Amino acid sequence: MGYKFREIEAKWQKYWSEHLTFKAENNGEKEKYYVLDMFPYPSGAGLHVGHPLGYIASDIYARYKRHKGFNVLHPQGYDSFGLPAEQYAIQTGQHPAITTEENIKTYRRQLDQLGFSFDWSREVRTSDPTYYRWTQWVFIQLFNSWYDRDRDKAAPISGLIAAFVKNGNSGVNASCDDDTPTFTAAAWKKCTHRQQQELLLKYRLTYLADTEVNWCPALGTVLANDEIVNGVSERGGHPVVRKKMTQWSMRITAYAQRLLDGLEKIDWPQPLKDAQANWIGRSVGASIKFKVIGPWADAEKDPETEPYIEVFTTRPDTIFGASFMTLAPEHELVPKITSPGQRKEVMAYVEATAKRSERDRLADVNRITGAFTGAYAEHPFTKEPIPIWIGDYVLAGYGTGAVMSVPCGDQRDYDFARHFKIPIPNIFEGVDISEEAFADKENTIIARSDFLNGLSYREATKKVITELENLGQGHGKINYRLRDAVFSRQRYWGEPFPVYYVDGMPQMIPEEHLPLVLPEVEKYLPTETGDPPLGNATEWAWDREQSAVVNKQLTDHKNVFPLELNTMPGWAGSSQYFNRYMDPHNENEIFSQEAINYWREVDLYIGGIEHATGHLLYSRFWQKFMFDLGQVPVDEYARKLINQGMILGTSAILYRVSGENRYVSKGLMADFDVEELRVDVGLVNASDELDIVELKLWQPQYKEAEFILENGKYIVGREVEKMSKSKYNVVNPDAICEEYGADSLRMYEMFLGPLEQAKPWNTAGITGVHSFLKKLWRLYHSGQGTTFKVSDDEPSKEAFKTLHKTIKKVEEDIAHFSFNTSVSTFMICVNDLTALKCTYRGVLEPLAILISPYAPHIAEELWMLLGHKGSISKVPFPAFEARYLVEDHKVYPISFNGKMRFTMELPLEMSKEDIEEAVLAHEKTRLQLQGRTPKKVIVVPGKIVNIVG
RNA sequence: GCUCGAGUGGUGGAAUUGGUAGACACGUUGGACUUAAAAUCCAAUGGCCAUUAUGGCCGUGCGGGUUCAAGUCCCGCCUCGAGUACCA
């Protein structure tokens, strides 16, 4: 009987689904383990072989943990709001919900076909109102919270109001807008309700504000910083411009330090942690105020408040080297301080910079431009006047949008000073600055700087901050690059905000009325008045049953109030989904405390690194907020994270003779002027030979084509690049499953190389693991291969040893997430057992269990044929027994490959028990590194020590 | 520029704690079986040299160093990849 993988796989997939084999309960005596995949966006193209890589790895781990006796939570769902379905809707008029539903069906079929052990009873979809109800709920909690810096956590806004009533805001240490005025209790009480609402908005963790946003005209929406790559939109590559708009924002900056600190306690890949740390961009320095001393642009100078320029610097120690100030052209003081004589030049410069797009600015960063304002600032210590310039190398969006320029210590200031012939005073001891600035702060000795002379960077910084504080002109400050996250999108296919407006001030829809369901619209484009697509809606509903219908507005039966017409961004739905899986059908709460306290956090999270500064940062922020609220027991939701590498495609390239319909084989292309064209990889065999007959059928332009062959063949070029439809290099898992089976595909994807690494797909190689599975099958079908045969005899020594070598190595490999080498180990094992003609039940049964996480279908079938009832997935993983040789008072582990990895000296006189104890102690430290604990050591006659673990 | 990561056969990669470099697989070559093909099985496969056989030398990007022992640790380079970027 041959290995009929198609029948076997269909049979067991049906069995698992009918028996709810992988359904997880929120309780039990077993220890819990939570394995999570980043849920997919269900795109219309379906899965290609690259997508399941991470799912296969997490599935192997989940299945392994079940064999190890854990209660495993391994859910899956869909991040089903998104742009492609909406753009498809704009083109075709088909509702995104329908497109999404269809795509989900395809995804589900493809996922099922691969034999994943997901608990589908816990499926969530971000576009489902029963799910996004809780996304809206979190939004409301954020709106009703502020960030208390003294207690370093979020707190209810009601407490803040109480503080304002009592003492105003002078005693409040909050994360709030920079322009928040100081007010007394009396002033607070005097404010109108609306003014109070406006003030509170400056404190709320989600707030409405006029923000300079990244507007993408082609997509008709704003984008977050992490959605822009090289000045163009991540999706589609469209240009992005800066624009002021009233938008919802998330006060993620309040959590900057905690997001940074939290990185230290989670086991995430270093590159990912680095990316987040860079994105947060903490820099330590000082904030310094420089008095502006004129001359004034006009007579209207404000007599009450003396204007000053506030700067942030990481080098306050170099303050005596500041020979000019530079403001961003957009800085608000520019029009105010510019002298009449310079006004024309300055305004021309400001206008010119405003016209330049982000891209242009990036394109020529080396061009030095700027203008003198005619104004001067006063040095806080020397009281000398310092000229104030403007220049576009100073960014309005970072720090205060103004710098004190120290040309001797900063290369950009140096270049600017050189260009505009501004003096470059040298304040460093023994350093030559005639060619470039000296920025090595660790080797700095300050000179010509009054009370700082002779000090190091560290000493000088400390001293100058003290002096500035004495003057009331500065203080130590930590600045972050992280910006608050814009949360509004001018799109249809996203979560509606649970918000309506009274007198232009936002109000939350009462929680009991959630969800506010996404309304139907006629068309998915902005309205004629420029409102987002939701402005087209005529009927809104609280929820499908209640149907409190309103017309673009909300009514309380007396008045009508407009609703928020923006929707939430893509990352909203993915910021708490991992917790919702714990209790996905709860209609009363986002999740019960019982469920969250049982599962606590994700133990293993697998997904792509592309979400480093998006989803993976935002979700950590929401988790910390939920922690502050007391909703979750831990403030980091994923203990360990692995970024799986991308599987790349190997494109096939044709060389067309320029301007002709002639194609030349790769080896002969040097003789021609050619251009490259990509063709479907399915038309090319493993030796890079093109099937010309098929090509002519593939696309009409090749029908009449001529081919210049070498040795009678057309050889294509190859290029390893990202798998994509447009490059015709996509390999579909359906075809692979059909030809080799899901078990072969699963094992092969693991075999390709380390999980974390990017690697090209090569279909030819799959025959290796496929023949391994056939060999495994034949192990149980000895003789002519027609009968299923196992022997109940005691296994031979060799067969037993082969098995235990395998158990040991597979456990070690899994502990290191080195799935690729464990597949090799299985292959060696099966080769060895084949050579030994092994038929022992005592070996074959444990072997089936070992292989079950990797190739679950064949393992189930073999388990059944061995006479067992029920799924193999619940059978305990076989225990490893290693042998240790005691000889000449030394213990030698007889390891897997016969290498003597360590030896242990034993005293001459030693009892059997003492040897056991000594070896156990030694092994404990060794094995703990691999996540295993030896339980028992047995010294058996014949100078052999056994360890059972 | 800055940050991080990686360089091992024809290819993907292995060597988990400093201990026989190249496991395992692909590919290639030869052979068995077959009318033939497919499938399957067996053998060889880092380079150079040598041979009657046992063999010898070189070899993990480059140059140094530590060590009884280095792909692995240290110092200095080179190349490639990823992220980020006028961040004060």
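In what follows, chains carry the letters A, B, and so on, assigned in the order in which the sequence lines appear, proteins first and then strands, with residues in each chain numbered from 1. Small disclaimer: the values here were computed from a predicted structure and weren't measured. For the numbers below, each heavy atom of this structure counts, side chains included, while hydrogens, waters and symmetry mates do not.
- In this structure, B:rA25 and B:rU11 make a Watson-Crick or G-U wobble pair, each of the two defining distances being under 3.5 angstrom.
- Rounded to a whole angstrom, the distance from the C1' atom of B:rG63 to that of B:rA53 is 41 Å.
- The pairing partner recorded for B:rC41 is B:rG31, the criterion being a Watson-Crick or G-U wobble arrangement whose two distances lie under 3.5 angstrom.
- B:rU84: Watson-Crick or G-U partner is B:rG1, with both key distances under 3.5 Å.
- Using Watson-Crick or G-U wobble geometry with both donor-acceptor distances under 3.5 Å, B:rU67 finds no partner in any strand shown.
- In this structure a side-chain-to-backbone donor-acceptor pair under 3.5 Å is present from A:R746 to A:P853.
- Between the side chain of A:D392 and the base of B:rC86 there is at least one donor-acceptor pair of N/O atoms closer than 3.5 Å.
- Taking only distance into account, the side chain of A:K809 meets the base of B:rU16 through a donor-acceptor pair shorter than 3.5 Å.
- Not a single donor-acceptor contact under 3.5 angstrom links the side-chain atoms of A:N762 to the base of B:rU11.
- Taking the centre and axis of the six-membered ring of A:Y3, the NZ or CZ atom of A:K774 falls outside the cone set by 45° and 6.0 Å.
- Here A:T821 does not reach the OP1 or OP2 of B:rA23: none of its side-chain N or O atoms lies under 4.0 Å away.
- As rounded to whole Å, 13 Å separates atom C1' of B:rC80 from atom CD of A:Q757.
- In this entry B:rG55 has B:rC49 as its Watson-Crick or G-U wobble partner, both defining distances falling under 3.5 Å.
- Under the Watson-Crick or G-U wobble criterion, with both distances below 3.5 Å, B:rA6 is paired with B:rU79.
- In this entry B:rG18 has no Watson-Crick or G-U wobble partner, no candidate having both defining distances under 3.5 Å.
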